[in-house]
Amino acid sequence: MKYPAVRNYVAGRFVDSSTPRSLEVFSPLSGAVISTVPLSGMEALSQAVDAAKAAFPAWSATPIKERVQIFYRYKTLLERDMQELADLVREENGKTYDEARAEVEKAIELTEFACSMPQLIQGEFLEVSKGVEARVERKPLGVVASIAPFNFPNMVPHWTIPNALVLGNTMILKPSEVVPLSAGKIAELLKEAGLPDGVLNIVHGDREIVEAICDHPGIEAVSFVGSTAIAKVVYIRATSNLKRCVALGGAKNHLMVLPDAHPDMTASNVAASMSGCAGQRCMAGSTMVGVGAVDGIVAKIVEEARKIVPGQNLGSVISKEAKERIEKHITEAEAAGAKVLLDGRNAVVPGHEDGYYVGATVVDYVTPDMRIAQEEVFGPVLAIMRTNTLDEALAIENANPYGNAAAVFTSSGSSARYVMDHASAGMIGVNIGVPVPREPFSFGGWNESKFGACDITGKSSIEFWTQLKKTTTKWNPESRVNWMS
């Protein structure tokens with residue numbers, strides 16, 4: 001194997017799991033086994049929670065201005081080890097090198113934002129009555145948990161680690177068992193930056209460890225990123241155990257293209273949106289709704305998509321099973337009457353014949369009742385539906401159960417504003433195919449793309465990772481007393 005066996009990380013040390021169960025870790029680039037990962041259980045989780053509990057008093061008592069110094073140093077280490085971090089992402093996830101590097105660059109931005117927390121959580125103070133003062137401060141919750149997905153093994157852990165830890169919590173990170181390598185490197189760099197032992201702990205596993213996190217009485221809050229089906233289960237299970245929880249699920253994002261859209265800009269944006277990260281992101285523009293006469297723009301989209309070549313500027317999908325599922329969606333749509341304008345099925349990359357590749361695919365004349373129009377394909381596939389009016393396009397967008405993103409491509413400000421006001425999604429793009437907010441704005445969708453209140457990124461994450469403490473004081477007995485004092 002190319003990499004040593006993955007181990008849990010508890011109290012500042014890599015340790016063996018207490019269970020003999022493990023999985024092989026495959027590189028989707030080649031199909032080769034590159035490591036193994038333990039499938040931990042409740043015993044391993046309890047050890048990690050105990051370590052996090054032990055570290056919490058000292059860490060939470062450390063002034064936030066001192067806590068952020070560790071993350072300033074950590075940011076420089078991320079920059080120093082960019083190549084190694086990007087290589088790990090590429091190896092375990094299948095991204096292109098440019099995509100893997102961009103993922104690490106986003107992790108750096110997330111870390112930079114966490115370093116601004118001292119300026120964002122200043123408490124409130126007011127003399128509410130003569131001689132009576134009220135103060136409001138934000139305090140950490142305690143031990144929290146972050147459950148991360150396979151599609152961004154470096155970035156998504158940074159949605160939670162910097163903010164939650166800078167705000168004084170200690171954490172259990174559970175990476176996807178499919179991509180466990182990046183997490184270990186993150187732990188090593190945080191330790192090098194000076195993070196005290198036990199503040200971050202990593203426990204690897206599958207469904208069993210996720211359920212254990214939801215059930216463990218020592219964990220105060222749980223964040224989850226993954227599919228909608230599992231997000232629902234995690235949210236219900238965690239909150240039934242009286243934990244704070246926010247669970248981000250899947251999406252079916254609609255790109256509405258109007259006839260007055262700029263053809264070249266629209267084509268490049270739509271092609272990049274549907275194929276970036278091999279379509280394995282919850283912000284992918286997997287569905288386009290053409291409004292009126294847009295054949296010329298569709299032709300340009302196909303032209304742009306032909307430039308996206310597996311193994312060159314298009315990475316692999318995560319597994320053989322994913323490849324088969326994605327190609328089945330295309331085949332079913334074609335059989336139901338859709339027209340495949342560009343076919344990425346049976347893609348083979350020379351030298352990586354056993355890799356899991358699906359080429360860029362464009363399927364036109366899809367109807368709303370087809371599975372490809374309803375389900376999250378999670379591959380480099382664009383399904384195009386046709387409507388006559390913008391209201392019809394919005395009706396299709398609003399009817400889908402998800403609500404991460406929607407976008408409109410147009411030269412009309414009024415049309416853009418109409419979509420901004422009427423699309424049922426938490427993140428809207430105007431002539432932008434992947435409308436991911438940059439810090440300090442938080443990431444988060446609506447409907448069945450998100451369960452729970454608050455966010456785990458951006459300024460609004462402060463509300464999720466902290467709780468309020470209100471203090472009222474009076475020192476001068478000579479002051480006049482009334483009902484307020």
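Throughout, residue positions are numbered sequentially from 1 according to the sequence presented. Please read these numbers as outputs of a predicted model, since none were measured by experiment. Below, all heavy atoms of this structure are taken into account, side chains as well, without hydrogens, waters or symmetry copies.
- Counting only distance, with no hydrogens or angles, the side chain of Ser449 and the backbone of Gly250 share a donor-acceptor pair below 3.5 Å.
- In terms of the side-chain contact (heavy atoms from CB on, under 4.5 Å) criterion, residue partners of Phe26 (sequence neighbours excluded) are, by chain and number, Glu24, Val33, Tyr356.
- Residues Asn163 and Thr457 have side chains that never bring a donor and an acceptor to within less than 3.5 angstrom of each other.
- Residues satisfying the salt bridge (charged side-chain N to carboxylate O under 4.0 Å, His left out) test with Glu192, not counting sequence neighbours, are Arg80.
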### Message
Between Asn404 and Asn253, does the side-chain hydrogen bond (donor to acceptor under 3.5 Å, both in side chains) criterion hold? Intermediate values first, please.
### Response
CA-CA 7 Å; Asn404 248 3; Asn253 306 315; 5.1 Å; no
### Task
Evaluate the salt bridge (charged side-chain N to carboxylate O under 4.0 Å, His left out) criterion for residues Arg371 and Glu332: first the C-alpha distance (whole Å), next the side-chain angles of each, then the deciding distance (0.1 Å), finally the verdict.
CA-CA 8 Å; Arg371 271 207 325 140; Glu332 285 186 0; 2.8 Å; yes
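- Counting heavy atoms from C-beta on, the side chains of Thr287 and Leu255 never come closer than 4.5 Å.
- Aromatic ring centres of Tyr402 and His254 lie farther apart than the 6.0 Å criterion allows.
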### Task
Tell me, with the steps shown, if Glu220 and Arg244 meet salt bridge (charged side-chain N to carboxylate O under 4.0 Å, His left out).
CA-CA 6 Å; Glu220 303 297 330; Arg244 186 177 294 191; over 6 Å; no
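- Applying ring pair (Phe, Tyr, Trp, His ring centres under 6.0 Å) to His158 and the options Phe113, Phe443, Tyr74, Phe71 leaves one that passes, Tyr74.
- Counting all heavy atoms, side chain and backbone alike, Ala338 lies closest to Val366 at CB-CG2, 4.1 Å.
- Looking at residues two or more places apart in sequence or on another chain, you find no side-chain hydrogen bond (donor to acceptor under 3.5 Å, both in side chains) involving Gln467.
- Looking only at side-chain heavy atoms (C-beta outward), Ile34 and Met1 stay at 4.5 Å or farther from each other.
- When only modelled atom types and interatomic distance are considered, Ser22 and Thr36 share no side-chain donor-acceptor pair under 3.5 Å.
- Among Cys454, Ser442, Cys245, the one residue that satisfies the side chain to side chain contact (heavy atoms under 4.5 Å, CB included) test with Phe464 is Cys454.
- No side-chain heavy atom of Leu200 sits less than 4.5 Å from a side-chain heavy atom of Thr170.
- The shortest non-hydrogen separation linking Ser275 to Pro380 is CA-CB, 4.1 Å.
- Counting all heavy atoms, side chain and backbone alike, Ala44 lies closest to Val203 at O-CG2, 4.3 Å.
- A cation-pi arrangement is present between Lys95 and Phe152 under the rule of less than 6.0 angstrom and at most 45 degrees off the ring axis.
- Between the side chains of Thr331 and Arg345, a donor-acceptor pair is found at a separation under 3.5 Å.
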